[in-house]
Novice: 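The structure's right below; bear with me while I get my questions together.
Treat the numbers as computed from the prediction; the structure is a model and nothing was measured. When a ligand or atom number is given, it counts from 1 through the structure's own listing order.
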Amino acid sequence: MPSEPKGKYTNSALRAGDQDPYPQRLVGEFIGTVVSNRSVNDEYKHLILDVHEHALNAYAGQMFHLLCPSPDDEEVWMRRPMSVYRVDRQAGQVEFLYKVEGRGTRGIATLAPGDDFNLAGPLGVGFKLQQGWNNIVVLGRGVGLATLAPLSQLAAERGIGVTAILSARNPAVVMSKELFEGLGARTITVVDSDGSSAIENVEKIIEALIAEGKADAFFTCGSNRLLKLMQRLGKKHNIPGQVAMEQIMVCGFGACYVCMRTFEVDGQRVLRRVCRDGPVFNMQEAVGW
Ligand code: FES
């Protein structure tokens, strides 16, 4: 039993095993129970929660809005959006991989097994895999790899091959490698410390995958530079792509318009809400940042 609840919750929030009064609704408020919250390296932690079965509807690229406990007894005013790292339907668990940096994530880092944690979702439009795609290329950096990781689950369920190019500052902070490989993906690690993450080198790797017929679609998150590279190669070889955009959010469900970003659609600049219209978008329409 938790010594004291670390997230506020309401009567309508569902715990694992509760009767769901609105089983058809897409989004709900849930009280997860912390199973574990372990450091995976100096910067990242891995949170596993037991959740109500309704929360298990989350799919790759979607997110939850998290009511973070306070790290310092001052209020944490807003929920924090976080993309889901893994959904384990058999175990009834959702997982998050996060970098401990702001007050919200420092608060999450204080959670211990047995604690309550309030999450709302699943929110947004996630990744989609189309009929006819046999092999995809996933390219991400830093915490963006946590957003891309569940693509390996989605692709494995559909029998689609994945090559994941994992970019990081150094080998100690390469994220999601085990999850990708555990689901059959081929991984290629590129890092700043030996220069292999340079755009020219990543471009060569992707060109080789295209030549091998291993690139029916591109997916990226976590780096503007890598987005620009994939957009350029996608245009050159007529390869479709999707990008998961990162953005500060307040409401998380389309009401406040704080998360607007610019996109270019058919030659016109348009504004879209990342929380509701995304966070996953057509790669060629994203203007970047
Ligand atoms: Fe409020 Fe997106 S965060 S509209």
Novice: How would you list, by chain and number, every residue that makes a side chain to side chain contact (heavy atoms under 4.5 Å, CB included) with Arg89, sequence neighbours excluded?
Specialist: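 Partners of Arg89 under the side chain to side chain contact (heavy atoms under 4.5 Å, CB included) test: Leu56, Val87, Glu157.
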
Novice: Do you know how many protein N, O or S atoms are within a distance smaller than 2.8 Å of atom 1 (Fe) of ligand 1?
Specialist: 2

Novice: Less than 4.5 Å apart, side chain to side chain, heavy atoms only: is that true for Gln247 and Pro279?
Specialist: no

Novice: With side chains defined as the heavy atoms from C-beta onward, is the minimum distance between Val143 and Met175 less than 4.5 Å?
Specialist: no

Novice: With sequence neighbours left out, write down each residue that passes side chain to side chain contact (heavy atoms under 4.5 Å, CB included) with Ala255, or none if nothing qualifies.
Specialist: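 For Ala255 the side chain to side chain contact (heavy atoms under 4.5 Å, CB included) partners, ignoring immediate neighbours, are Cys251, Phe253.
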
Novice: Do Glu95 and Val35 come close enough that some side-chain heavy atom pair is under 4.5 Å?
Specialist: no

Novice: With sequence neighbours excluded, tell me which residues meet side-chain hydrogen bond (donor to acceptor under 3.5 Å, both in side chains) with Arg273.
Specialist: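 Here the qualifying residues are Tyr257.
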
